[in-house]
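What follows is a short report on a single structure.
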Amino acid sequence: MIRIYNTLTRKKEDFVTLEPNIVKMYVCGVTVYNDAHVGHAMSALVFDVIRRYLEYRGYNVKHVMNYTDVDDKIINRANALGEDPLALSQRYIADYNKNLSDLNVLPATSNPQVSKTMPLIIEFIQGLIRKEAAYAAPNGDVYFSVTSEEDYGKLSGRKIEDMQAGARIEVEEAKVHPMDFALWKAAKPGEIFWESPWGKGRPGWHIECSAMNLAELGEQIDIHGGGNDLIFPHHENEIAQSEAYTGKEFSRYWIHNGMLQIGGEKMSKSLGNIVSIQDFLAKRDADVMRMLVLSGSYRAPLIFTDETQDAAEKSLDRLRAALRAGRADLGGLSLEAASALTSQAEAAKQSFIEAMDDDFNSPLALAALYEIVKGINTARDGGANAAQLQPAQTILRELTDVLGLRLAEKTGSSADEARVLALIEERNQARKDKQWARSDQLRDQLKEMGVTIEDGKGGTTWRWG
RNA sequence: GGCGUCGUGGCCAAGUGGUAAGGCAAGGGUCUGCAAAACCCUCACCACGGGUUCAAAUCCCGUCGACGCCUCCA
C-alpha cells in the first residue's frame with residue numbers, strides 16, 4: 001500500500017484512487033516568459049519520479065502539466081521585446097520541453113495551455129457567477145467571492161480574518177471583500193485580449209488550472225501537485241473555484257515539493273539568484289540534478305551547492321561502476337556465494353519498494369540501492385564472472401530506471417579510441433619490462449585524454465571519464 | 001503580526017517511543033610496482049531548557065534559530 005503525505009490533511013494517508021489502477025495527476029507547470037531554472041527542474045523531477053514509481057506499481061498515470069501562456073509577466077516581457085506575447089510564450093514552451101527532455105523527464109500525457117482553453121474558462125466563470133460564488137465588477141473584472149465558500153483556506157490552514165490582505169499591495173476598489181481574487185481581468189489598452197461576456201479581457205491566474213483540470217481530467221482528480229509556494233494562494237483558490245463549480249471534492253491528494261535553496265534562500269526569479277537549467281546542464285550531467293532531488297525528501301528544501309553536486313556526482317559514479325559488466329573469463333564465485341548475491345539484491349529490491357511506498361522516501365530507497373552496489377562490488381572482488389553478477393545488476397538497473405537515472409557511461413571520440421588502445425598496449429609492455437616511469441607517464445597522458453586506467457587482477461581496463 | 005515546515009556527525013540526509021540507515025569527505029588498513037577502483041575498520045547521543053514514560057532524537061510545554069507562504073513565483 002502506497003502512502004502519501006497530503007498537504008490538505010497534513011498527514012500521510014493510504015493512497016486509494018478514484019478508479020482502480022488509474023491515477024489522475026495534475027501538476028502545475030511554469031509561466032513561460034523566461035529561461036526555466038533548476039528550481040523548476042526540481043519540481044519537474046519530483047513529479048517525474050512519482051509518476052514513474054506509480055507506473056512501476058502498476059498504475060496507469062494520466063499526467064497533466066499545464067503551461068501558463070497568458071499572464072502579466074508574459075505581456076510585459078513581450079512588450080519590452082516588441083514581440084507577440086503568444087509567440088514569446090510558445091518559444092519558451094519549446095525551450096522548456098527541451099529542458100525536460102534533457103533531464104530525462106517523461107513527457108506529460110498532455111500539456112494544456114491557457115490560450116487554448118479560453119471558451120471553457122469563460123464558461124467556468126459564468127458558472128461561478130450563476131452559483132453566486134463570483135461577481136462581475138463595474139470595471140470589467142470578475143472576482144471570486146471568498147466568503148461564498150465556507151471552507152476557504154482549508155489547504156493552507158488560514159482563516160480569512162487572519163490574512164492581511166493588501167498588506168503590501170493595494171486592494172482593488174472593485175472588490176467586495178479584500179481577499180476576493182480575479183477570475184477575469186479587463187484588458188488595458190494595448191494588451192492582448194479575448195472577448196467575453198464582461199468585455200475584452202483575459203483570465204486571472206488561478207481559474208486556468210481549474211478549467212484545464214476539468215477539461216483534461218474531469219471533475220475530480222487523484223493528485224494535484226506543485227511547489228509548496230503555490231499552496232497559497234494558487235492552490236487554495238483552485239480548490240475554492242473547482243469545488244464551488246462542481247460541488248464535489250476536487251483533488252484527493254495534494255502533493256507539494258520543497259523549494260530549492262541556494263545560499264540559504266529559495267531560488268526564484270524575483271530574488272534573481274538563478275541557475276538556469278541550460279547553464280546547469282552545460283556543466284553537469286542531468287543525472288546529477290536528479291540525484292540531488294532523490295537524495296533528500298521531496299518535501300524538504302533542497303540544498304544546492306557545489307559540494308552537494310559533487311557528492312551527487314560521486315554517488316552516480318558508484319552506481320555506474322556497479323552496473324559495468326563483469327568479465328566472462330573469470331573462474332567465478334561459488335554457487336552459494338553467487339546465489340547469495342542474487343537473493344541479497346532481491347531483498348534490497350523489497351526494501352526499495354517499501355521505502356518508495358512510504359511517501360516516496362527516495363533517500364531510503366537509495367540506501368537499498370547502495371546495498372546492491374556493495375554486494376556486486378564484493379562479489380566482483382571475489383572473482384564473480386559476468387553471468388554471476390548479472391542477476392543483481394539487472395535488479396539494480398530496473399530500480400535505477402524507476403528513478404529515471406540514465407547512468408550512461410561517459411564517452412569520448414571514437415577517433416581517439418585506436419590511439420587509446422595503442423597507448424595502453426605500450427604501457428602494458430612498459431609494465432612488463434618494469435619501466436615504471438614510462439608506464440606512469442603513459443597513464444598521465446591517457447588521463448589528459450580523458451581516459452581512466454585501472455589495473456585489475458585480470459588485466460588493465462579503461463574508460464572515458 | 002498570522003499560517004506552515006523544520007533544526008540529526010565536516011557536508012548532504014533517513015529514522016518520529018526501545019539505546020542513531022545511507023552517500024560524500026577525512027583518518028587507518030587490505031589489494032597494487034605506484035596509483036585508481038573495490039573491500040574492511042574508525043568518526044554523532046540528535047538546537048537549548050523543562051516535563052511525560054520503565055524507556056525519547058522520536059510525545060508535551062517553553063526558548064532560540066532557519067526557511068517558506070501571507071504579493072507574481074516550481
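First the proteins, then the strands, lettered A, B, ... as listed; each starts at 1. What you are looking at is a predicted structure, and each value in this text was computed from that prediction instead of being measured.
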Which residue lies more 5' along RNA chain B, comparing A/Asn377 with A/Leu260 via nearest heavy atoms: A/Asn377
Pairing partner (Watson-Crick or G-U wobble, both distances under 3.5 angstrom) of B/rC59: B/rG51
Nearest-Å distance for atom pair CG/C1', residues A/Asp433 and B/rG33: 13 Å
Complement of B/rG1, any strand, by Watson-Crick or G-U distances under 3.5 angstrom: B/rC70
Donor-acceptor pair present, A/Arg443 side chain and B/rA35 base, under 3.5 Å: yes
Nucleic acid contacts of residues 284-302 of chain A, taken as heavy-atom distances under 4.0 Å to RNA chain B: A/Ser295, A/Gly296, A/Ser297, A/Pro301
Distance, P atom - from B/rU58 to B/rG18, rounded to whole angstrom: 12 Å
Where A/Leu230 and A/Gly226 come nearest, the two heavy atoms and their spacing: CD1-CA, 4.3 Å
Sugar-phosphate only, base, or nothing, as touched by A/Gly157 at under 4.0 Å among non-hydrogen atoms: sugar-phosphate
Rounded interatomic separation in angstrom, taking CD1 from A/Ile231 and P from B/rU5: 9 Å
Span that lies between the P atom of B/rA37 and that of B/rA25, in whole angstrom: 9 Å
Pairwise C1' distance, B/rA57 and B/rG7 [rounded to whole Å]: 11 Å
Check ion pair A/Asp102-A/Lys98 (N to O, under 4.0 angstrom): yes
Base-pairing mate for B/rU42 - Watson-Crick or G-U, with both contacts under 3.5 Å: B/rA26
Derivation and outcome, side-chain hydrogen bond (donor to acceptor under 3.5 Å, both in side chains), residues A/Glu208 and A/Thr68: CA-CA 8 Å; A/Glu208 59 183 73; A/Thr68 298; 2.5 Å; yes
Touch class at under 4.0 angstrom, heavy-atom based, for A/Leu366 against every strand present: nothing
Gap in Å between the two C1' atoms, one belonging to B/rC60 and one to B/rC67, rounded: 24 Å
Earlier contact from the 5' end, RNA chain B, for A/Tyr33 and A/Glu371: A/Glu371
Nearest-Å distance once atom C1' is located in both B/rA20 and B/rA56: 12 Å
Steps toward side-chain hydrogen bond (donor to acceptor under 3.5 Å, both in side chains) verdict (A/Asp69, A/Tyr92): CA-CA 9 Å; A/Asp69 64 347; A/Tyr92 281 110; over 6 Å; no
Presence of A/Arg10 side-chain N/O under 4.0 Å of B/rG4 phosphate oxygens OP1/OP2: no
Watson-Crick/G-U partner (both atom distances under 3.5 Å) of B/rA37: none
Short side-chain N/O contact to B/rG15 OP1/OP2 from A/Asn361, under 4.0 Å: yes
Any-strand Watson-Crick or G-U partner of B/rG7, both distances under 3.5 Å: B/rC64
Residues within residues 92-103 of chain A bordering RNA chain B, heavy-atom distance below 4.0 Å: none
Integer angstrom distance from the P of B/rC41 to that of B/rG22: 10 Å
N or O in side chain of A/Lys374 less than 4.0 angstrom from B/rA38 OP1/OP2: no
A/Asp440 CG - B/rC34 P separation (whole Å): 11 Å
Distance between C1' atoms of B/rA26 and B/rA44 (Å, rounded): 15 Å
Nearest-0.5 Å distance that lies between atom NE2 in A/His235 and atom OH in A/Tyr26: 8.0 Å
Donor-acceptor pair present, A/Asp455 side chain and B/rC34 base, under 3.5 Å: yes
Whole-Å P distance, B/rA13 and B/rG68: 15 Å
Who pairs with B/rG17 - Watson-Crick or G-U, where each distance is under 3.5 Å: none
A/Gln241 and A/Asn237: CA distance, side-chain angles, deciding distance, side-chain hydrogen bond (donor to acceptor under 3.5 Å, both in side chains) verdict: CA-CA 6 Å; A/Gln241 294 160 348; A/Asn237 292 350; over 6 Å; no
Options B/rC39, B/rA21, B/rA74, nucleotide nearest the side-chain atoms of A/Pro363: B/rA21
Pair assignment for B/rC31, Watson-Crick or G-U wobble, requiring both distances under 3.5 Å: none
